[in-house]
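What follows is a set of notes on a single structure, which appears directly below.
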Amino acid sequence: MSKLVSMKDAIAASVHDGDSIVIDGFTHLICFAAAHEIIRQKRKNLTAIRLTPDLVYDQLIEAGCVSKLIFSWAGNPGVGGLHAMRRRTEGAGLGQLTLEEYSHFGLLSRFLAGSAGLPFWPLDNYAGSSIPGANANIKSVTCPYTGRQIATVPALRPDVAVIHCQRADDEGNAQVWGLYGSQKEVAFAAKRVIVVAEEIVPTSVIRSDPNRTLVPGLIATHVVCEPWGCHPSFVQGHYDRDNDFYVEWENVSRDPATYAKWLDEYVYGVKDRAEYMQKLGAGLMERLRKKPRMSEGVDYGY
Amino acid sequence: MSKLVSMKDAIAASVHDGDSIVIDGFTHLICFAAAHEIIRQKRKNLTAIRLTPDLVYDQLIEAGCVSKLIFSWAGNPGVGGLHAMRRRTEGAGLGQLTLEEYSHFGLLSRFLAGSAGLPFWPLDNYAGSSIPGANANIKSVTCPYTGRQIATVPALRPDVAVIHCQRADDEGNAQVWGLYGSQKEVAFAAKRVIVVAEEIVPTSVIRSDPNRTLVPGLIATHVVCEPWGCHPSFVQGHYDRDNDFYVEWENVSRDPATYAKWLDEYVYGVKDRAEYMQKLGAGLMERLRKKPRMSEGVDYGY
Amino acid sequence: MGTDTLVPGVPTASEMMAMRAAHELHDRDVVFVGIGLPNLACNLARATHAPQLFMIYESGAVGAIPERLPVSIGDPALVTDSLQVTSQADIFQLFLQRGLIEVGFLGGAQIDKFGNLNTTVIGPYANPKVRLPGSGGACEIAVHARRLLVIMRMTKRSFVETCDFITSPGHRMPGGKSRKELGLPGAGPTTVITDQCVLEFGEDGEAVLVELHPGATVASVKAACGWDLKVAKELRPSRGIDASATTLLREKLDPKRLYL
Amino acid sequence: MGTDTLVPGVPTASEMMAMRAAHELHDRDVVFVGIGLPNLACNLARATHAPQLFMIYESGAVGAIPERLPVSIGDPALVTDSLQVTSQADIFQLFLQRGLIEVGFLGGAQIDKFGNLNTTVIGPYANPKVRLPGSGGACEIAVHARRLLVIMRMTKRSFVETCDFITSPGHRMPGGKSRKELGLPGAGPTTVITDQCVLEFGEDGEAVLVELHPGATVASVKAACGWDLKVAKELRPSRGIDASATTLLREKLDPKRLYL
């Protein structure tokens with residue numbers, strides 16, 4: 001049963017005002033295309049959850065879609081800050097955006113609990129840190145064997161997860177190589193899962209190498225085919241990270257006026273991802289396109 | 001730095017009397033070669049740990065190597081029982097072998113805790129079952145968020161793990177496809193890890209497809225090249241399960257005399273795995289050898 | 001009632017159980033498949049009314065479509081052409097504990113009137129008369145599967161007033177606690193399929209005879225049950241057992257009679 | 001002391017920190033690599049005295065040998081030719097929490113005399129003057145790495161008596177508790193490498209100046225530190241900083257000066 005729809009239809013059906021949402025991927029496989037569609041559809045009061053909010057959530061924040069951010073590291077690595085977020089959490093802007101903050105391991109552990117169907121997850125962390133004092137969700141249990149206090153975080157079951165992958169079939173069996181991020185954990189934790197693929201392949205391709213499947217179609221709600229869906233992030237085997245974009249973003253995002261102009265031009269001003277890429281130009285795509293580096297297959301015979 | 005040694009040397013160096021040991025693999029990748037070498041080297045008082053003791057541990061038990069068995073399902077699936085084990089735990093034999101018993105999920109959770117460096121692991125299980133009453137290691141914690149009682153098991157850190165894989169480099173970077181069992185969790189939980197491979201490959205082969213690596217050489221103590229090391233179990237892409245062997249085993253193992261004769265002939269009577277396979281004959285190998293079924297490679301380019 | 005001599009069109013006891021179990025499977029059900037009769041029941045359902053049945057094996061195969069009858073729960077044929085092959089940790093945590101399994105299958109050496117199952121020991125645990133294989137994944141399947149199908153031949157020795165050991169919890173446990181009181185997520189045993197009949201469970205958690213297979217009678221069932229079995233006011237007609245399925249099982253699904 | 005104009009053979013402040021940090025890395029050390037200077041320090045160590053340095057990235061790359069300077073902690077060049085690429089859950093549970101990481105690297109907006117680090121907020125948490133990126137993996141690295149190297153430029157604003165917020169625990173936390181009393185597995189910050197000097201920690205958990213870089217003096221260091229810094233009875237000679245490494249850094253490891 002094909003679940004293949006356009007990004008527009010997937011977001012319209014799955015993402016509602018007030019939802020909690022994870023667009024996952026860690027530097028790799030960050031689906032900016034989904035975020036831009038959410039902005040175009042003017043969703044409000046989202047709880048946006050990611051280890052690294054990155055530019056993708058900063059744009060959602062600047063566009064007014066987000067009322068709460070759950071995160072563990074908020075910056076533009078090696079470049080600067082996330083200015084939409086900072087403008088709403090410092091000085092005069094304080095309180096415009098609610099923050100709930102963990103470390104990477106802590107937030108990941110919330111996904112782990114959600115994905116595993118447990119109400120909490122234990123991690124040996126946070127002793128001596130101010131983080132638990134700033135987040136009442138971080139508690140502890142006593143180990144029944146050693147008497148040690150072990151930190152806990154509660155399960156997180158987001159309403160929607162967006163998972164980007166190299167290839168999927170039309171039922172959402174998603175195969176990924178390169179960096180996994182926490183996509184598997186996020187997908188199993190979520191109530192609805194949008195699988196976005198660079199390429200839709202026949203199910204026989206999936207079945208020919210089942211160990212590569214990260215997320216089974218069983219838990220997918222919608223499937224979207226969106227080539228270049230991660231720019232300026234990257235997809236191993238498809239295109240490189242657009243590092244210049246990340247560097248230039250500091251200048252775009254520091255001033256609300258240039259930020260608004262960018263959103264107008266590259267998000268509101270295009271109808272979909274294809275138009276966005278067209279706008280960026282063939283030269284950029286040529287520069288970022290992968291140089292092939294094929295692995296060998298393995299023998300599944302018996 | 002090559003860690004490549006013979007099975008004889010690996011067992012001599014890593015497995016000592018009184019050790020706790022896991023030869024992992026679930027139906028797939030069960031390294032009988034390691035067990036036979038342990039028998040030949042006459043190890044005593046081992047604590048043998050596996051979800052499914054299978055024929056591999058029954059042989060260790062019959063040979064007198066094991067004083068304690070930690071397990072979750074003890075049988076010869078679809079065929080019969082494990083007779084060495086039963087003779088030491090029923091009727092007149094009672095008490096000759098100590099049993100510590102979980103369900104699959106429970107024992108796996110002990111490996112999970114050990115591999116993750118936590119003192120315990122939580123699982124939503126055992127309410128209403130007699131299992132916790134038969135095993136004082138199963139305890140519980142109260143979830144700090146829901147107040148629910150969640151079962152726990154203590155971390156297991158075996159002295160030695162034997163991990164079988166399709167291919168590894170001489171530092172023990174091990175790649176596996178097909179069924180994983182709990183090999184990754186067992187390897188990370190163990191203090192010493194013997195990686196056994198059907199084939200030793202250059203590190204460049206490992207590096208060409210890094211997502212296939214299940215166990216990093218970082219935690220490997222010894223590496224052994226042992227083709228056909230899992231017979232009568234199987235290795236995807238190399239050889240099929242010898243189901244006839246499992247079926248006939250009922251007749252071999254039911255009577256201590258025929259059991260002893262088998263051990264004499266096929267374990268004590270051969271010096272290594274190559275001689276064992278020679279004894280079984282080329283016809284058997286021909287029958288079990290895989291019919292190739294290659295997957296395609298993927299593109300790691302950027 | 002079935003016979004062990006193969007008569008064309010007349011199902012044996014095993015065949016009847018496989019057929020009746022297949023009838024409980026709906027298309028697209030996510031099934032945690034055990035080896036033996038459960039596997040045959042799934043393959044029969046796939047070959048007839050439930051072509052999209054989604055099979056998950058505790059060995060790590062997800063969405064398997066084995067091209068041969070698996071000789072073990074970890075057969076290489078389960079891997080080839082699966083949709084996903086993952087670790088056992090994922091199977092137990094992300095699929096089973098997460099609540100994604102709709103149907104589980106269990107059997108056992110003993111079942112009691114509340115659907116508790118014993119696959120651990122006959123006799124006292126510390127000094128068993130018979131040492132059975134143990135839980136395997138049974139306990140967690142009984143805890144988490146949204147529906148649980150039990151397949152067992154019915155004898156006074158196996159259908160007992162009280163299990164010697166509860167490996168897998170049913171509807172009411174010693175001390176009288178219900179699944180709800182114990183916080184068990186799954187529905188517990190929903191249907192017990194025997195060689196003679198089908199049992200379901202009442203509000204009070206006790207087994208009730210609801211259906212007889214062809215050839216069985218209330219008297220023959222009661223004679224094979226170790227407790228005073230409740231009988232439904234009105235028995236349902238036999239379901240799912242037919243001659244064409246017998247042919248399918250014998251000629252295509254298990255021609256070597258590995259499990260039949 | 002370094003300068004930001006590139007003089008042949010005279011290291012800049014960043015170059016000195018990278019070189020001095022590289023000196024702390026031994027061959028075959030398992031290092032949890034951060035982006036920026038830590039990454040450069042590792043590459044320098046690999047190119048000189050520690051060719052078998054084992055690099056693990058929080059993004060999931062294990063045993064990486066990037067062929068270009070990674071532009072982010074999740075650069076595709078970290079994947080290509082890695083020994084293993086695994087999930088972040090594995091990185092944090094199986095490698096870090098399991099105790100397999102020998103060396104971690106951290107920096108921060110503030111460090112105090114006990115080696116506590118702040119990367120969360122300047123000012124009160126509820127009403128911050130500056131909202132910093134937060135912990136990322138820093139807290140768990142500070143908890144679990146067997147040795148922790150801190151790289152930070154020294155200023156009175158960043159080397160403070162007390163951190164506004166402790167993101168990552170050092171040797172002694174508010175209330176005076178030690179790592180041992182809190183049950184923290186790793187050794188905590190072992191070495192702080194600044195643009196002027198190296199600090200280590202005494203038995204009481206307080207930082208001690210032990211080594212000056214070329215050009216720095218005790219007075220210049222004390223002038224840059226926000227607390228009354230302890231000074232070792234005998235300062236060690238400067239280590240690991242040399243002209244040939246400067247050339248290597250400039251010409252080969254970071255020619256575009258992404259991080260220098």
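Lettering of chains follows the sequences in order, A, B, ..., and the numbering in each one begins at 1. These numbers come from a predicted model, not from an experiment. Values below: every heavy atom of this structure, side chains too, minus hydrogens, waters and symmetry copies.
- Here the closest non-hydrogen pair linking D/C139 and A/Y126 is SG-CD2, 3.7 Å.
- By the salt bridge (Lys or Arg N to Asp or Glu O under 4.0 Å) test, D/D254 pairs with no residue at all, sequence neighbours left out.
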Intermediate values then yes/no, side-chain contact (heavy atoms from CB on, under 4.5 Å), A/H28 and D/V79 | CA-CA 11 Å; A/H28 187 214; D/V79 166; over 6 Å; no
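- Within a 6.0 Å radius of CZ in A/R287, other residues, nucleotides and ligands contribute more than 12 heavy atoms.
- Note on D/G60, D/P174, D/G137: by heavy-atom pairs under 4.5 Å with chain A, the leading option is D/G137.
- Note: D/N118 CG to A/S130 OG = 7.5 Å, rounded to the nearest 0.5 Å.
- In this structure, D/K177 places its NZ atom where only 12 or fewer heavy-atom neighbours from other residues, nucleotides or ligands lie under 6.0 Å away.
- Partners of A/D240 by salt bridge (Lys or Arg N to Asp or Glu O under 4.0 Å), not counting sequence neighbours, listed by chain and number: D/R68.
- Residues A/W73 and D/T119 are not in side-chain contact: their nearest non-hydrogen atoms beyond the backbone lie 4.5 Å or more apart.
- Contact of A/L214 with chain D is not made at all, since no heavy-atom distance falls under 4.5 Å.
- Rounding to the nearest 0.5 Å places CD of D/E58 at 9.5 Å from OG1 of A/T27.
- Ranked by heavy-atom pairs shorter than 4.5 Å toward chain A, the options D/P76, D/S82, D/G74 are led by D/P76.
- For A/Y102 against D/S135, the heavy-atom pair with the smallest separation is O-CB, 4.3 Å.
- Taking each heavy atom of A/F71 and D/P133 in turn, the nearest pair found is CE1-O, 3.6 Å.
- For the atom pair OG (D/S72) and CZ (A/F26), the distance works out to 8.0 Å, reported to the nearest 0.5 Å.
- Summarising the geometry of A/E101 relative to D/G134, their closest heavy-atom pair is OE2-CA, 3.5 Å, with the distance given to 0.1 Å.
- In this structure, the portions of A/F105 lying under 4.5 Å from any heavy atom of chain D include both its backbone and its side chain.
- Interface residues of residues 175-186 of chain A toward chain D, defined by a heavy-atom distance below 4.5 Å and sorted by number: A/G178, A/L179, A/Y180, A/G181, A/S182, A/E185.
- Contact count against chain A (heavy-atom pairs under 4.5 Å) is highest for D/N127 among D/N127, D/N116, D/L258.
- Taken to the nearest 0.5 Å, the CG atom of D/L78 stands 9.0 Å off from the CD atom of A/Q236.
- When the candidates D/M173, D/Q93, D/Q97 are compared by the number of heavy-atom contacts under 4.5 Å with chain A, D/Q97 comes out ahead.
- Counting heavy atoms of neighbouring residues, nucleotides and ligands inside a 6.0 Å radius, atom CD of A/Q96 exceeds 12 of them.
- Judged by distance alone, with hydrogens and angles left aside, the side-chain atoms of A/S129 form a donor-acceptor pair with the main-chain N or O of D/I166 at under 3.5 Å.
- The shortest distance between side-chain heavy atoms of D/Q88 and A/L51 falls below 4.5 Å.
- Proximity of a side-chain donor or acceptor of D/E140 to a complementary backbone N or O of A/H104 within less than 3.5 Å is detected.
- Both the backbone and the side chain of D/L182 come within less than 4.5 Å of a heavy atom of chain A.
- Residues of residues 131-148 of chain A lying within less than 4.5 angstrom of chain D, judged on heavy atoms, are A/I131, A/A134, A/R148 in numerical order.
- Here the straight-line distance linking atom CG of A/L112 with atom CZ of D/F92 works out to 11.0 Å at 0.5 Å rounding.
- Scanning all heavy atoms of the two residues, the minimum distance from D/P169 to A/A127 falls at CG-O, 3.5 Å.
- Looking at D/Y125, the atoms closer than 4.5 Å to chain A (heavy atoms on both sides) all sit in the side chain, from C-beta outward.
- Applying the 6.0 Å contact sphere to NZ of D/K256 captures no more than 12 heavy atoms from other residues, nucleotides or ligands.
- Contact of D/D75 with chain A is made through the backbone alone, with heavy-atom distances under 4.5 Å.
- Heavy-atom minimum distance, D/R131 versus A/R86: O-NE, 3.6 Å.
- Ranked by non-hydrogen atom pairs under 4.5 Å with chain D, the options A/L108, A/V247, A/D124, A/L94 are led by A/D124.
- With a 4.5 angstrom heavy-atom cutoff, D/V143 touches chain A only via side-chain atoms.
- With a threshold of 4.5 angstrom between heavy atoms, D/T86 approaches chain A through N, CA, C or O but not through any side-chain atom.
- Neither the backbone nor the side chain of D/A142 comes within contact range of chain A; no heavy atoms are under 4.5 Å apart.
- D/V130 touches chain A through backbone and side chain together, each having a heavy atom under 4.5 Å away.
- Of the listed residues A/G95, A/G75, A/S72, the one with more heavy-atom pairs under 4.5 angstrom with chain D than any other is A/S72.
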